[in-house]
Amino acid sequence: MEELIGAEELRAVRESAGAKDSLWETVVAQGKATDEQILNALSARFRLKLADIKQSDRHARELVPEQVARRYQILPLRATDSFLEIATANPFDLDCEKTLAFATGREVRIQLASPSKIREKIDEFYRPENVIGQLLEGMGSDAEVTQVEDREEVDEIRITAEEASQRPVVRLVDLLLSEGILSRASDIHVEPEEGGVAVRYRIDGVLRQVMKIPRAAGLPVISRLKIIASLDIADRLRPQDGRARVAVNGVPVDLRVSTLPASLGEKVVIRVLDSSRTVLSLDSLGFNPEEAEQIKVLLENRDGIILVTGPTGSGKTTTLYSALRHIQTEGVNIVTVEDPVEYRLQGVVQVQVNEKAGLTFASALRSILRQDPDVVLVGEIRDRETAQIAVQASLTGHLVLSTLHTNDAPNAVTRLIDIGIEGFKIASALRGVVAQRLMRRLCPTCKEVWVEKIPPKLQRWITPDTPLYRAVGCPECAMTGYRGRFSIVEVLTVTPEVERRIAAGETADRIAEAARAAGMKTLWESGLWHVLRGESTIDELLRVVDVPQEEEEEVSRARERGAESRGAPAAPKAVEEARETRRSGDFVKPLFPDLELIGVESGAQVATEAAKVLLVDDEDMLRRVMKDLLEREGYQVIEAKDGVEALDQVDRHAPDIIVLDLNLPGLDGYGVLSHLRSRPATAHIPVVVLTARGDEESEVKVFELGADDFLSKPFRARALSARLAAVLNRTRKR
C-alpha cells in the first residue's frame, strides 16, 4: 500500500478506517487506489496469479460450504482429486488455508481477487435468488399475472397482487409472461445458452431477444414454467407438453408449454393463445376482395374437402376457425377434432385428441361421423388412416375442412398421394386448396415513401414510377416499422380440367398450370398486390415468398406447348441471352479429384433445350461441374443437395430425367428412387444413378428399385452425356 499511495496517505487511511473495515476496501472507498491497481501490485510483489472468477466449479462449491466461504471471504473456483483452487483477497490467511486443506483433503492453491468481487460472486453462486432480486430492480410492470384454474366460467377468475409477488422467481416469470402477452407475442422462447438463459418473443412472426438472465436465475425460471404447466420438473431428459391458463389484467389467456432437452439445458417454448386479440372473421384476415370472394364460394359447397396449407405459424388454424364462423348457422351441426383445441367456439362441438387414451384423429373422426355432422374440421391430416376417413366423409355428403403442410396449393394433391390416397378419389373429393402465408403490415404512424431504385429482378412486376413504402420504426411499433399481420393466399379451385389432371396423376406443375388458367393467383401475386397498395414492403414480401423463376416457367411452357417446333412465341429476350451465353461460353474444367473429365466434346445431339435434368448430389463442386457440362450440351439443369430437396424439385419442375447420387444426407438415393417409383405421377421419370459405390450389390439393388442406368464415379464427360441421351431416346420410344 505504501508503494501505491505513500506512507502518509496510508497512515491517514488507517486512522479513518473503522475497527471492522479492511484496509483494502477503505483505500478503494476513499478513491486512493482501484481494485485493479492493488491486485496488480500484490500479484507482482508476491508472484500470485489473478483469479478468473466468472465461473465457479460446482464440485468446488460442494467441497466448500457457504458458511466457510463467507467466514474466510473466499470463492472456490476449481477442484480436482489433488488440489482446490480458491480466490481470496488475503493470501496470508494461514488459518483459512489449513482449515480448507484439512476439510477437503486437498492442496489449497491461492489466487487473487478483490473483496467486493468475491462477495458479489458468493451471493451469485450460493444464493441465486439474490441475483433474481437484483435483476428485478429497475424492472417494473403494471400488469398482474396469476395462474388460474381452467374453468368454463371466465368470471370466476380472480387475481391478487399478493399472489403475483410471493417470491422473486414467481415475480420474474410473471414479468416475462405479462410483457410477452402485452407485446402481442405469439410465442415466448426461454432458451439456455452459454453464459445465461435468453428470453425471446416472436412478435408479428419475427423473434426478438428481450433479455438474458444469468444462468443461476434462469434455471429456476424454467422449473417455475414447468410447474405452471403441470409438468414433471424432475424429468429433464424427455420432451414434455403441457398447458396452462393465466389472466393478465383480468383477461384470460391460454398457454401451450413445450419443453425440449438440449445440450445446455431444457428449452421452453410457450405458445400464447389470446382469444381476445383474435377476431375470427374472413374479412379481418386481410384478403383482397377477389381472394375473399373465391374462399366464400368454396365454403358454399355442402360436401367435399377444403384444405388450408402452409408451414407452421402461417395462420392456418385462424383461417379455418374464421371459415367455420362464416358458415355457422343455427341449422348447421359443426364438429371439430383438434390437437390442441386452440380457441373455444360457441355453438361448435370441439374434440381434443388424446393419444394416450386412444383418442387419435382417425378414431375421433370415425366417431364424429356417427354424430350426424354437417361440417367436420380436422385439425391436421397426418397419416393415411385419417386422410382416408376424411375423403370417405367428404364423398358421403359432409363438408370437411383440414390443414396440410405443403409449400403451395397444387402440392397438396401430391402430398395426399404420398400419404396413400388414390388420385381419382382426390379428384372427386377435393373442392379447393388455400395456401397461406402471413406478411407484416407497415406501421401507419411511421411508414414513409421508398425512393430507392427497384432491383432488376423485380422490374418485371413493378414499374419504376410505382410509389412504394419502407419501414422506419417508432415507439408505436417497438421501432420495427411493422405492426400487425395479414394473410396472403393462393386459392386453387378444382375446376373440371383440374379434376381431370388430378385423376390422371399429373404433376403439381401441370395441375398449377390448369389452376392458373382458371384464375388462380400465386402467393407472390397476392403479396405483391398488398405491396403496391402500400400495406407492406418489398423486403417483407421477399422474406415470405420467393421471386418466381421466370426462365424456368418460360422453358416449361415452351416444352409443353412445343413452342420451338410450332413457331410459337419465343422466350423473353433475357432468357434467350442467358441461353446463348451458356452455349458460347468457354467450359473451364475445375480441379475435382473424384471426377475424370476426359474429352469434353459435344455429346449425342438427341438432347435438346426442352430436356430438363435434375442433378441430385451433395458435393457442390461435382454438381457444378456436371451442370456446366450438361448446359453445354443444351440441357436445362435443376439442382438438389439432398433427397428431400430432390423430391420437392421433382414436384416443382417435372424433370425429364434425374441424375441421382446414392450417398445423400437424410433421405439417401435408395429412398428417393423408391419414393419416385411408388408414385404414379413420377413412376415414369427415368433415373440414372451416379455413385462412387461401384460394387455389384449396389448396382443390382438400384436396378431392382427401378433405375434406368448406372454410372460409377469417376466418369468420362462423353459417357455421361451419351448415357443421358440413350435413356431419353428409350423413354421417348415407349
Side-chain angles (χ1 to χ4, degrees), residues 52-58 61 66 75 116-147 163-203 206-229 231-236 239-240 242 244 246 248 253 255-272 478-479:
D52 180 6
I53 61 174
K54 293 180 181 178
Q55 291 186 342
S56 170
D57 183 53
R58 180 178 177 182
R61 295 201 303 274
E66 180 185 355
L75 185 69
S116 59
K117 289 292 184 182
I118 290 175
R119 276 200 304 272
E120 178 185 331
K121 289 300 179 180
I122 289 175
D123 288 338
E124 178 178 335
F125 293 137
Y126 285 102
R127 296 287 180 90
E129 64 271 15
N130 293 345
V131 179
I132 299 176
Q134 295 169 11
L135 186 66
L136 288 170
E137 291 180 5
M139 299 175 63
S141 175
D142 296 331
E144 298 178 355
V145 179
T146 185
Q147 187 177 359
E163 292 174 335
S165 310
Q166 288 179 353
R167 293 169 41 228
V169 174
V170 175
R171 289 179 56 206
L172 182 55
V173 171
D174 290 348
L175 178 67
L176 298 181
L177 293 178
S178 62
E179 289 298 316
I181 293 169
L182 296 177
S183 299
R184 303 178 294 108
S186 60
D187 300 89
I188 300 173
H189 292 238
V190 182
E191 182 175 354
E193 56 184 34
E194 289 291 344
V197 176
V199 179
R200 299 189 290 174
Y201 296 157
R202 186 179 294 278
I203 302 174
V206 178
L207 276 174
R208 307 174 195 165
Q209 182 163 325
V210 293
M211 70 174 70
K212 187 171 183 179
I213 307 171
R215 190 170 181 84
L219 297 181
V221 166
I222 293 175
S223 296
R224 172 63 184 168
L225 291 171
K226 292 176 70 175
I227 291 172
I228 290 176
L231 301 179
D232 184 0
I233 63 171
D235 188 354
R236 301 180 182 276
Q240 298 185 62
V246 300
V248 179
V253 177
L255 306 176
R256 299 288 182 268
V257 182
S258 172
T259 70
L260 180 68
S263 59
L264 296 175
E266 285 183 291
K267 177 179 179 178
V268 179
V269 177
I270 305 166
R271 171 65 61 88
V272 180
M479 305 307 295

### Message
Looking at every non-hydrogen atom in both residues, tell me the closest pair between Q209 and R200 and how far apart they are.
### Response
CA-CG, 3.6 Å

### Query
Taking only residues two or more places apart in sequence or in another chain, which ones pass side chain to side chain donor-acceptor pair (under 3.5 Å) with R236?
S223, E266

### Task
May I ask you to test the V197-V221 pair for a side-chain heavy-atom distance under 4.5 Å?
no

### From L182 atom CG to L177 atom CG, the distance as rounded to the nearest 0.5 Å
10.5 Å

### Message
Any non-hydrogen side-chain atom of V272 less than 4.5 Å from a side-chain atom of L255?
### Response
yes

### Contact check, side chains of I222 and V190, non-hydrogen atoms, under 4.5 Å
yes

### Task
Can you measure from CD (E194) to OG (S263) and round to the nearest 0.5 angstrom?
8.0 Å

### Interatomic spacing from CD in E120 to CD1 in I53 - rounded to 0.5 Å
7.5 Å

### Worked verdict on V170 versus R224 for side chain to side chain contact (heavy atoms under 4.5 Å, CB included)
CA-CA 7 Å; V170 175; R224 172 63 184 168; 3.9 Å; yes

### Check: D235 main-chain N/O paired with Q240 side-chain donor or acceptor under 3.5 Å
yes

### Task
Dump the intermediate steps for side chain to side chain contact (heavy atoms under 4.5 Å, CB included) on T259 and L231, then the final yes or no.
CA-CA 9 Å; T259 70; L231 301 179; 3.8 Å; yes

### Message
Any side-chain to backbone donor/acceptor pair from Y201 onto L176? Under 3.5 Å, distance only.
### Response
yes

#### Entry: Euclidean distance, K267 NZ relative to H189 NE2, rounded to 0.5 Å
5.5 Å

### Query
Can you list the steps and then say if I270 with D187 is a side chain to side chain contact (heavy atoms under 4.5 Å, CB included)?
CA-CA 5 Å; I270 305 166; D187 300 89; over 6 Å; no

### Query
P239 and P261: which non-hydrogen atoms are nearest, and at how many Å?
N-CD, 3.7 Å

### Task
Quick one: closest heavy-atom pair of G265 and P192, and the distance?
C-CG, 3.8 Å

#### Entry: Atom of A229, atom of A244 and distance for their closest heavy-atom approach
CA-CB, 4.3 Å

#### Entry: Worked verdict on E179 versus V210 for side chain to side chain contact (heavy atoms under 4.5 Å, CB included)
CA-CA 10 Å; E179 289 298 316; V210 293; over 6 Å; no

### Query
So how far is it from I233 CD1 to L225 CG, rounded to the nearest 0.5 Å?
12.0 Å

